[in-house]
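This structure is a prediction, so every number in the text was calculated from the model and none was measured.
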Amino acid sequence: MATENGGKAGLFTQMWHTMVVCCIGIKWQFKEFFSRVKKLDLTSTLYRKGDVVVITGGARGIGYDVIKILLKCDMHVIMGCRQVADGEMAGKKIRSQGILTGILKIFKLDLMSLESVREFADQIIATSLPVGILINNSGIMFAPYKLSLDGYESHFQINYLGHFYLTHMLLPVLIKSGTAQKYSRIVNVSSCVHYGGHIDFNDLDLQKHYSPKLAYMNTKQMQVISTVDMNEKFRKAGLYVRAYSNHPGVIKTDLYQHMYISKCSWMMKIWLLTSEQGAQTIVYNALSPEIEKSDEVYYANSVSTRPNPKVFDPIIQKALWDASYKRLKISEFNFHTTAEENDVKKNNQTTDKKNENIDDDVFLVQMPN
């Protein structure tokens, strides 16, 4: 039974998890230090110009730089953040830098509350906008033990369960927006430390034996597991939707506030990537035509990379899927629109446009200061 402070894992266990995180992190830091960050050629994204994107977070960190790129591509961006005022300030800062294209809307989203996730999704659905891309970006790392408003450990709810629920809520819209020519996309921002995850389904959110490092590793692994599982379900259902997960890089952001390295800013500046560099793989997964209809599910530095083999285990996939269903009190995922219905809808839209002589680019809007 969980207590207010959670059951704390033993000292040796905590040290082991710290060592695992450090070893994985250092390995990837060296790899990234000696590699050139691949940037997406934005001219290749023109076929997604004007598309509607939903992103969680974005007032700062990697999400902020992702939004900058999306607006440069003249896209319609909906940002979900806990403090709307922070999102508005971020938007004004972006506009002050001369990025005047695209549309940015900010809605309240607190991933510590499943009710807030539901309200955020309902607000998006009420706009009737054809959302074609969902970027599950928000997250916390190595935070002290804390329960969400729904009674789940904070890493588990913010990094995984809240995003799983949001995907469930928005999936019908994503399905309707996807076509055979342009698939809808779900991008789950994971981490290289998912390789160190070890999920105990008898203590899924570590309320019995809490370790901040393991909580982060496990929830990042859950994101990749659900990405693989969803993709398989999308393919079997014949849906024009694909899910991708990625490691954006070992990035200098506020996520390191709970680590000693955050006190050595000079070291972080030398060794870690910038948030602008970290945004590249996320944008690649969201926009690149190179991976349209791709079966690859995990990327690092915009290159398909082999994830932890555990994520392909159907037993683990089913256990996580069932556990998520149980906690969210849902009976099935929102596969409400079939590929055949999508084809009919697409054909009708094409016919209407021809009859009315409406340009395909009518939806593209520029946003002034």
Asks: Answer yes or no: is there an ion pair linking Glu292 with Arg185, defined by an N-O contact shorter than 4.0 Å?
Replies: yes
Asks: Taking atom types as modelled, find out whether Tyr145 and His155 have a side-chain donor-acceptor pair closer than 3.5 angstrom.
Replies: no
Asks: Taking all heavy atoms of Gly132 and all of Ser177, pick out the closest pair and write down the distance.
Replies: CA-CB, 4.1 Å
Asks: Any side-chain heavy-atom pair from Val20 and Leu214 closer than 4.5 angstrom?
Replies: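 Sidechains of Leu214 and Val20: no contact.
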Asks: Could you tell me if Lys233 sits above the aromatic ring of Phe333, with its cationic atom closer than 6.0 Å to the ring centre and no more than 45 degrees from the axis?
Replies: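 No, Lys233 does not sit over the ring of Phe333.
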Asks: Do Tyr195 and Gln221 pair up side chain to side chain, a donor and an acceptor below 3.5 Å, judged on atom types alone?
Replies: no
Asks: Of Trp321, Tyr152, Phe156, which is the lone residue that meets ring-ring contact (aromatic ring centres under 6.0 Å, His included) with Phe164?
Replies: Trp321
Asks: Say whether Thr219 and Asn159, considering side chains only, have a donor N or O and an acceptor N or O under 3.5 Å apart.
Replies: yes
Asks: Answer yes or no: is there a side-chain heavy-atom contact under 4.5 Å between His168 and Leu328?
Replies: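 Contact flag for His168/Leu328 side chains = no.
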Asks: When hydrophobic residues are tied together by side-chain contacts of less than 4.5 Å, even through go-betweens, does Leu206 share a cluster with Met19?
Replies: yes
Asks: Would you mind checking if Arg118 and Glu115 are paired as a salt bridge, meaning a charged N to carboxylate O distance below 4.0 Å?
Replies: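 Arg118 and Glu115: not salt-bridged.
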Asks: Using 0.5 Å steps for rounding, measure from the OG1 atom of Thr13 to the CH2 atom of Trp16.
Replies: 10.5 Å
Asks: Starting from the C-alpha separation in whole Å, work towards a yes-or-no answer on side chain to side chain contact (heavy atoms under 4.5 Å, CB included) for Phe120 and Val54.
Replies: CA-CA 11 Å; Phe120 175 69; Val54 173; 3.9 Å; yes
Asks: Looking at side-chain heavy atoms only, is the closest gap between Gln14 and Pro212 below 4.5 Å?
Replies: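 A side-chain contact under 4.5 Å exists here.
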Asks: Does either side chain, that of Glu32 or that of His247, offer a donor lying less than 3.5 Å from an acceptor on the other one?
Replies: yes
Asks: Can any side-chain N or O of Asn218 pair as donor or acceptor with the backbone N or O of Met222 at less than 3.5 Å?
Replies: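 Not confirmed, Asn218 side chain does not pair with Met222 backbone.
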Asks: Please report the interatomic distance CZ(Phe107) to CG(Asp122), rounded to the nearest 0.5 Å.
Replies: 11.5 Å
Asks: Does Tyr240 form a side-chain hydrogen bond (donor to acceptor under 3.5 Å, both in side chains) with Gln181? I'd like the steps, not just the answer.
Replies: CA-CA 9 Å; Tyr240 302 136; Gln181 293 74 36; over 6 Å; no
Asks: Is there a side-chain contact between Glu119 and Gln123 (heavy atoms, below 4.5 Å)?
Replies: no
Asks: Checking the side chain of Asn285 only, and the main-chain atoms of Val187 only, is there a donor and an acceptor separated by less than 3.5 Å?
Replies: no
Asks: Specify the closest pair of heavy atoms between Pro248 and Ser190, including all atoms of both residues, with the distance to one decimal.
Replies: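 Scanning both residues completely, I find the closest heavy atoms to be CD-O, 3.5 Å.
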Asks: Assess the residue pair Leu320 and Phe201 against the criterion (side chain to side chain contact (heavy atoms under 4.5 Å, CB included)); give the C-alpha distance rounded to whole Å, side-chain angles, the decisive distance to 0.1 Å, and a yes or no.
Replies: CA-CA 8 Å; Leu320 181 60; Phe201 286 97; 3.9 Å; yes
Asks: Do Lys182 and Asp51 meet the salt-bridge criterion of a basic N to acidic O distance under 4.0 Å?
Replies: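 Here Asp51 pairs with Lys182 in a salt bridge, since their nearest N and O are under 4.0 Å apart.
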Asks: Using a strict threshold of under 4.0 Å (side-chain N to carboxylate O), is an ion pair present between Lys318 and Asp322?
Replies: yes
Asks: Let me see the working for Tyr244 and Ser294 under side-chain hydrogen bond (donor to acceptor under 3.5 Å, both in side chains), right down to the final yes or no.
Replies: CA-CA 9 Å; Tyr244 307 99; Ser294 171; 5.3 Å; no
Asks: State which residue, out of Leu134, Leu129, Ile103, fulfils the side chain to side chain contact (heavy atoms under 4.5 Å, CB included) condition with Val52.
Replies: Leu129
Asks: Before giving the answer on side-chain hydrogen bond (donor to acceptor under 3.5 Å, both in side chains), spell out for Lys68 and Gln97 the whole-Å C-alpha distance, their side-chain angles and the decisive distance to 0.1 Å.
Replies: CA-CA 10 Å; Lys68 282 176 63 176; Gln97 295 172 18; 3.0 Å; yes
Asks: Indicate whether any N or O donor in one side chain lies under 3.5 Å from an N or O acceptor in the other, for His163 and Thr56.
Replies: yes
Asks: Taking the side chain as everything from C-beta on, heavy atoms only, tell me whether Leu114 gets closer than 4.5 Å to Arg327.
Replies: no
Asks: Is there a donor-acceptor pair under 3.5 Å between the side chain of Ser113 and the backbone N or O of Ser116?
Replies: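 Present.
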Asks: Could you tell me the separation between the NZ atom of Lys31 and the CG atom of Asn301, rounded to the nearest 0.5 Å?
Replies: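 Separation between the atoms: 8.5 Å.
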Asks: Which heavy atom in Ile140 sits nearest to a heavy atom in Ser154, and how many Å separate them?
Replies: CD1-OG, 3.5 Å
Asks: If you group Ile, Leu, Val, Met, Phe, Trp and Tyr by side-chain heavy-atom gaps below 4.5 Å, do Leu42 and Ile67 land in one group?
Replies: yes
Asks: Within the supplied structure, the quantity of interest is the number of heavy atoms (other residues, nucleotides, ligands) at a distance under 6.0 Å from Lys39 NZ; does it exceed 12?
Replies: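 No - once you tally the heavy atoms of other residues, nucleotides and ligands closer than 6.0 Å, there are 12 at most.
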Asks: For Val66 and Asn137: C-alpha separation, side-chain torsions, deciding distance, then whether side chain to side chain contact (heavy atoms under 4.5 Å, CB included) applies.
Replies: CA-CA 10 Å; Val66 169; Asn137 165 74; 5.5 Å; no
Asks: Just checking, any donor-acceptor pair under 3.5 angstrom between side chains of Asp41 and Thr43?
Replies: yes
Asks: State, with a plain yes or no, whether a side-chain heavy atom of Lys213 is found less than 4.5 Å away from one of Val193.
Replies: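 With C-beta onward as the side chain, the pair stays apart.
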Asks: Would you say the side chains of Tyr299 and Ser245 form a donor-acceptor pair under 3.5 Å?
Replies: no
Asks: Are the side chain of Asp203 and the backbone N or O of Lys208 linked by a donor-acceptor pair below 3.5 Å?
Replies: yes
Asks: Does a salt bridge link Arg235 with Asp295, judged by any charged N lying under 4.0 Å from a carboxylate O?
Replies: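 Yes, Arg235 and Asp295 are salt-bridged.
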Asks: State the OG-CD distance between Ser148 and Gln157, to the nearest 0.5 angstrom.
Replies: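 Rounded to the nearest 0.5 Å, the OG-CD separation comes to 3.5 Å.
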Asks: Could you tell me which non-hydrogen atom of Ile55 sits nearest to which non-hydrogen atom of Val77, and how far apart they are?
Replies: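 Here Ile55 and Val77 meet closest at CG2-CG1, 4.0 Å.
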Asks: Given Ile186 and Leu174, is the side chain to side chain contact (heavy atoms under 4.5 Å, CB included) satisfied, shown in steps?
Replies: CA-CA 9 Å; Ile186 299 163; Leu174 289 162; 3.9 Å; yes
Asks: How far apart are the closest heavy atoms of Tyr298 and Ser191, and which atoms are they?
Replies: OH-O, 3.4 Å
Asks: With distance as the sole criterion, is a donor-acceptor pair present between the side chains of Asn136 and Thr167 under 3.5 Å?
Replies: yes
Asks: Would you say CE of Met15 has more than 12 non-hydrogen atoms from neighbouring residues, nucleotides or ligands within 6.0 angstrom?
Replies: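 Check fails, neighbour count at 12 or below.
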Asks: Rounded to the nearest 0.5 Å, what separation is found between the CD1 atom of Ile135 and the CG atom of Asn246?
Replies: 9.5 Å
Asks: Hey, is the main chain of Leu71 close enough, under 3.5 Å, to the side chain of Thr101 for a donor-acceptor pair?
Replies: yes
Asks: Sub-3.5 Å donor-acceptor pair from the side chain of Ser302 to the main-chain atoms of Tyr284, do we have one?
Replies: no
Asks: Find out whether Ile124 and Val131 are in side-chain contact, i.e. whether some heavy atom of one side chain is under 4.5 Å from a heavy atom of the other.
Replies: yes
Asks: Run the side-chain hydrogen bond (donor to acceptor under 3.5 Å, both in side chains) check on Ser275 and Asp65 step by step: do they pass?
Replies: CA-CA 7 Å; Ser275 59; Asp65 285 287; 2.5 Å; yes
Asks: So how far is it from Tyr64 OH to Glu276 CD, rounded to the nearest 0.5 Å?
Replies: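 If we round to the nearest 0.5 Å, Tyr64:OH and Glu276:CD are 10.0 Å apart.
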Asks: Please find the pair of heavy atoms, one from Gly58 and one from Ala90, that lie closest to each other, and give the distance.
Replies: O-CB, 4.1 Å
Asks: Is there a side-chain contact between Val21 and His17 in this structure, where contact means two heavy atoms from C-beta onward sitting under 4.5 Å apart?
Replies: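 Heavy-atom side-chain distance check fails, nothing below 4.5 Å.
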